[in-house]
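A, B, ... follow the sequence lines: proteins, then strands. Residue 1 opens every chain.
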Amino acid sequence: MTSVTSLTSAVHQRLASALSAALPENADADPLLRRSDRADFQANGILALAKKAKANPRELATQVVEHVVTGDVIRSVEVSGPGFLNIMVTDRAIMENLAARAADPEGRLGVPYAERPGTTVVDYAQPNVAKEMHVGHLRSAVIGDSVVKLLEFTGENVIRRHHIGDWGTQFGMLIQYLDEHPHELDHQSAEVTGEEAMSNLGRLYKAARKLFDSDEEFKTRARRRVVDLQAGDPHTMALWQKFVDESKIYFYSVFDKLDMEIRDEDIVGESGYNDMLAETCRLLEESGVAVRSEGALCVFFDDVKGPDGKPVPLIVQKSDGGYGYAATDLSAIRDRVFNLKADTLLYVVDARQSLHFKMVFETARRAGWLNDDVTAYQLAFGTVLGEDGKPFKTREGETVRLVDLLDEAIERASAVVREKAQDLSEEEIAERGAQVGIGAVKYADLSTSANRDYKFDLDQMVSLNGDTSVYLQYAYARIQSILRKAGEARPAARPDLDLTEAERALGLHVDAFAETVREAAAEYAPHKLAGYLYQLATLYTSFYDKCPVLKAETPEQVENRLFLCDITARTLHQGMALLGIRTPERL
RNA sequence: GCCCCCGUAGCUCAGCGGAUAGAGCAGGCGCCUUCUAAGCGCUUGGCCGUAGGUUCGAGUCCUACCGGGGGCGCCA
């Protein structure tokens, strides 16, 4: 364990001791320590405590102040207002803390691992086979990727699952069509781009759909195919596999554009649970969790009713004997709990599926697959809206292709990079343009809370000023520029120096990185990290403006400020990495 | 009808029961012989949807209502 005790913890500890010394009967009281704009920290806990102990808050606060150990960490503590404590820490404590973070041999800035890490399965980035990816897929992918990284960084054992839509009745239609037109997915050359793969699939899908809707005999043959597929008929499976493989070429190209790692072994689609469906239904029916109703196998809930007031069930098995997606999701839970030994199941899924997951989770609880120790949670995200506040569509009313959106963002960012860059090659412009453009798209998504609807405004996110990813990338690039120009001078913490206001504010904020990461991971809330990083960049930019680094007054101050630059850069880099966003060395 | 989410500056959004509610964009005024102006400083702009309640203290918790979005038997 190489974690560094944060300044907050150090101050908290000293205040808690003082509190218990002043009020022994409330020894475990929380001082409620917060950052403050009136001091480095403020403690709010005394007010509630005074009420409880029937004491005068200000008098109690004064007593607590007398017991606070000052000097090493706390520089001063004073009573303020009705009974708050305002606390200032020493410049030395700030710099020593940062020095310890910089010296972390694991390079993780002294961020502690979770005390009791568990195993979390994160279900995210779930595209559908033979279908184009659109903006809805973007949110699940971007949010899920960041949550995975956050959890892994805290030491959680994370198992990624991409629950792709690779099963269901529409495959009967596709497979039958391919069987009758066997060369539709043939490749012109060995190397096929994702774009070509999707184009092939799209063309085939449309043709198959047209035939399905117009030709009754084809429709019948297609339905028979579904039966063959579920029965595992080898020829049918081989054709099905062609669709999956072709789609994967496309998926990988999109995720590559998103600068996101997707591993083959993490792709376990709906088909992966096919063998478990019958067993899942049997277990539910035998335990009485599910009952037959109108021919279907159903689970009922007291608080789920339809418009007519009648209870609406979760249908596990349809009246025709087929399995719906509830059966698949319930089987996936069994797999993740009993085979993967997960204790937390996280679903990064559209909020519109909340009722479905609520019912699925409740069913799993009744079946005993989930309980107080093994829990499931839907990280629900809102709908992507256009500038008009309606679901994001093109002017013609069609859903927007994800790749088009990403290309547009990259193109606009590249234009700015080219305009600003003095001596970059075309290759470098393309690379930076992608890093800036994709970063902008991701940051826009990750900087607001996931659960609300999300207004997609490319102009705003690629405007490249204000609260966007570029602001953070720019701050990072400026730091790197200084470090490159430092020459002989090396970054070195100088705890004996007095700090300016800008230096103190920056230092205190860098210290808060660990706590922010813990919170963002625990709450599956990347936007808290994004907010922290924006603030960090703001504080750095302010420092940059007020404090000359290379032209500081003394060599010691140059070293100290270089050190502040360096630790800020490392924090920015690490934080951005947890959001899945690159930090170019130059911009 | 029932359930879920949202309602904070003109717009897009933060805001863990704590002091004077914050950012960005947009608007106004300034700042590049000095480490990257994709930047910085100052400034205009708020009955935190409404009404009650809990609390020493409510944008935050509870209840009701209003407005917007979503969901609600065999699609996923």
Side-chain angles (χ1 to χ4, degrees), chain A residues 32 34 36-38 42-45 47-48 50-51 57 80-84 86 126 128 165 167-170 270 293-298 303-320 322 324-326 328-329 350-356 358-359 380 382-383 385 387 389-391 416-417 419-420 422 436 444 447-449 451-455 457 459-461 463-468 470-471 473-475 477-486 519 523 527-528 530-531 534-535 538 541-542 544-552 561-562 565 586-587:
Chain A
L32 292 178
R34 304 283 131 91
S36 170
D37 48 357
R38 304 177 174 228
Q42 63 179 26
N44 305 328
L47 283 161
K51 173 74 178 171
S80 172
F84 299 106
N86 284 346
Q126 312 101 335
N128 295 316
W167 207 245
T169 47
Q170 76 273 21
E270 293 165 352
S293 167
E294 296 176 27
L297 187 60
C298 300
D303 54 349
V304 183
K305 296 187 174 92
D308 53 4
K310 288 182 182 169
V312 172
L314 180 74
I315 295 176
V316 188
Q317 188 180 22
K318 296 185 280 185
S319 51
D320 68 1
Y325 74 142
T328 309
D329 283 333
D350 194 311
R352 283 173 291 198
Q353 295 201 36
S354 292
L355 179 60
H356 167 72
K358 182 187 166 186
M359 295 194 289
T383 309
L385 306 175
E387 287 168 64
K390 291 175 183 163
V416 181
V417 171
E419 181 192 318
K420 305 272 182 188
Q422 309 90 338
V436 170
S447 58
T448 64
S449 28
N451 68 320
R452 47 193 298 164
D453 287 350
Y454 166 63
K455 202 161 281 190
D457 186 346
D459 288 331
Q460 192 185 310
M461 63 180 85
S463 71
L464 308 186
N465 47 36
D467 186 3
T468 64
V470 196
Y471 182 84
Q473 292 172 322
Y474 186 61
R478 284 168 125 186
I479 297 176
Q480 295 308 317
S481 175
I482 291 181
L483 293 174
R484 277 193 301 271
K485 290 180 178 170
E519 194 179 326
E523 296 175 20
H527 82 279
K528 297 206 169 184
Y534 178 71
Q535 181 67 20
T538 301
T541 308
S542 177
Y544 178 93
D545 204 49
K546 292 180 179 127
C547 306
V549 176
L550 300 177
K551 292 179 181 168
R561 285 181 176 172
L562 273 173
C565 288
R586 294 171 199 261
L587 266 184

Whether the side chain of [X] and the base of [N] hold a donor-acceptor pair under 3.5 Å is what I'd like checked.
X       : N      : value
S80(A)  : A19(B) : yes
D329(A) : A76(B) : no
S293(A) : G73(B) : yes

Please work out if [X] contacts a base, only the sugar-phosphate, or nothing of the nucleic acid, heavy-atom cut-off 4.0 Å.
X       : result
E270(A) : sugar-phosphate
H356(A) : nothing
Q42(A)  : base
T541(A) : sugar-phosphate
G165(A) : nothing
A50(A)  : nothing
A296(A) : base
N86(A)  : base
L47(A)  : base
V312(A) : sugar-phosphate
Y544(A) : base

Closest listed nucleotide, where the reference is the side chain of [X] and the choices are [options]:
X       : options                : result
I482(A) : A76(B), A38(B), U36(B) : U36(B)
S449(A) : C56(B), C25(B), A14(B) : A14(B)
V549(A) : A38(B), C35(B), G70(B) : C35(B)
Y471(A) : U55(B), G39(B), A37(B) : G39(B)

Position toward the 5' end of RNA chain B (nearest nucleotide), P311(A) or H527(A):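 Looking at the nearest nucleotide for each, H527(A) comes out on the 5' side.
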Name all residues meeting the salt bridge (Lys or Arg N to Asp or Glu O under 4.0 Å) criterion together with E519(A); count only those two or more places apart in sequence or in a different chain, and write none if there are none.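 Testing E519(A) for salt bridge (Lys or Arg N to Asp or Glu O under 4.0 Å), a comparison that skips the adjacent residues, returns K528(A).
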From [atom1] ([X]) to [atom2] ([Y]), nearest 0.5 Å:
X       : Y       : atom1 : atom2 : answer
T468(A) : Y474(A) : OG1   : OH    : 12.5 Å
Y471(A) : T541(A) : OH    : OG1   : 3.5 Å
L483(A) : R478(A) : CG    : CZ    : 14.0 Å
K318(A) : C298(A) : NZ    : SG    : 13.0 Å

Taking only N and O in the side chain of [X], is any of them less than 4.0 Å away from OP1 or OP2 of [N]?
X       : N      : value
K420(A) : A38(B) : yes
R352(A) : A76(B) : no
T468(A) : G24(B) : no
Y325(A) : A76(B) : no
K51(A)  : C56(B) : yes

Between S542(A) (side chain) and T538(A) (backbone), is there a donor-acceptor pair under 3.5 Å?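 Between the backbone of T538(A) and the side chain of S542(A) there is no qualifying donor-acceptor contact (under 3.5 Å).
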[atom1] atom, [N] versus [M]: distance in rounded Å?
N      : M      : atom1 : answer
G45(B) : A51(B) : P     : 23 Å
G46(B) : U55(B) : P     : 33 Å
C62(B) : G18(B) : P     : 15 Å

Would F84(A) count as stacking on A19(B) if stacking means ring centres less than 5.5 angstrom apart and planes tilted under 30 degrees?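 According to the criterion (under 5.5 Å, under 30°), yes, F84(A) stacks.
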With side-chain contact (heavy atoms from CB on, under 4.5 Å) as the test, would you mind laying out the steps for I482(A) and R561(A) before giving the verdict? CA-CA 10 Å; I482(A) 291 181; R561(A) 285 181 176 172; over 6 Å; no
Assess the residue pair K420(A) and L587(A) against the criterion (side-chain contact (heavy atoms from CB on, under 4.5 Å)); give the C-alpha distance rounded to whole Å, side-chain angles, the decisive distance to 0.1 Å, and a yes or no. CA-CA 8 Å; K420(A) 305 272 182 188; L587(A) 266 184; over 6 Å; no
Rounded to whole angstrom units, what separation is found between the CG atom of N44(A) and the P atom of U60(B)?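 Result: 18 Å.
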Show me the protein contacts with nucleotides 5-12 of chain B, counting only N or O atoms at under 3.5 Å.
{"unit_1": "C5(B)", "atom_1": "O3'", "unit_2": "N451(A)", "atom_2": "ND2", "d": "3.1"}
{"unit_1": "C6(B)", "atom_1": "OP1", "unit_2": "N451(A)", "atom_2": "ND2", "d": "3.1"}
{"unit_1": "G7(B)", "atom_1": "OP1", "unit_2": "R452(A)", "atom_2": "NH1", "d": "3.3"}
{"unit_1": "U12(B)", "atom_1": "OP1", "unit_2": "K455(A)", "atom_2": "NZ", "d": "2.8"}

Pick one for C32(B): is it syn, with its angle within 90° of 0, or anti?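 Here C32(B) takes the syn form, which means its glycosidic angle is within 90° of 0.
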Using a strict threshold of under 4.0 Å (side-chain N to carboxylate O), is an ion pair present between K455(A) and D457(A)?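 Answer for the salt bridge query: no.
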Per-residue pairing states of RNA chain B in dot-bracket (Watson-Crick or G-U under 3.5 Å; . unpaired, | other strand) read (((((((..((((....[...)))).(((((.......))))).....(((((..]....))))))))))))....
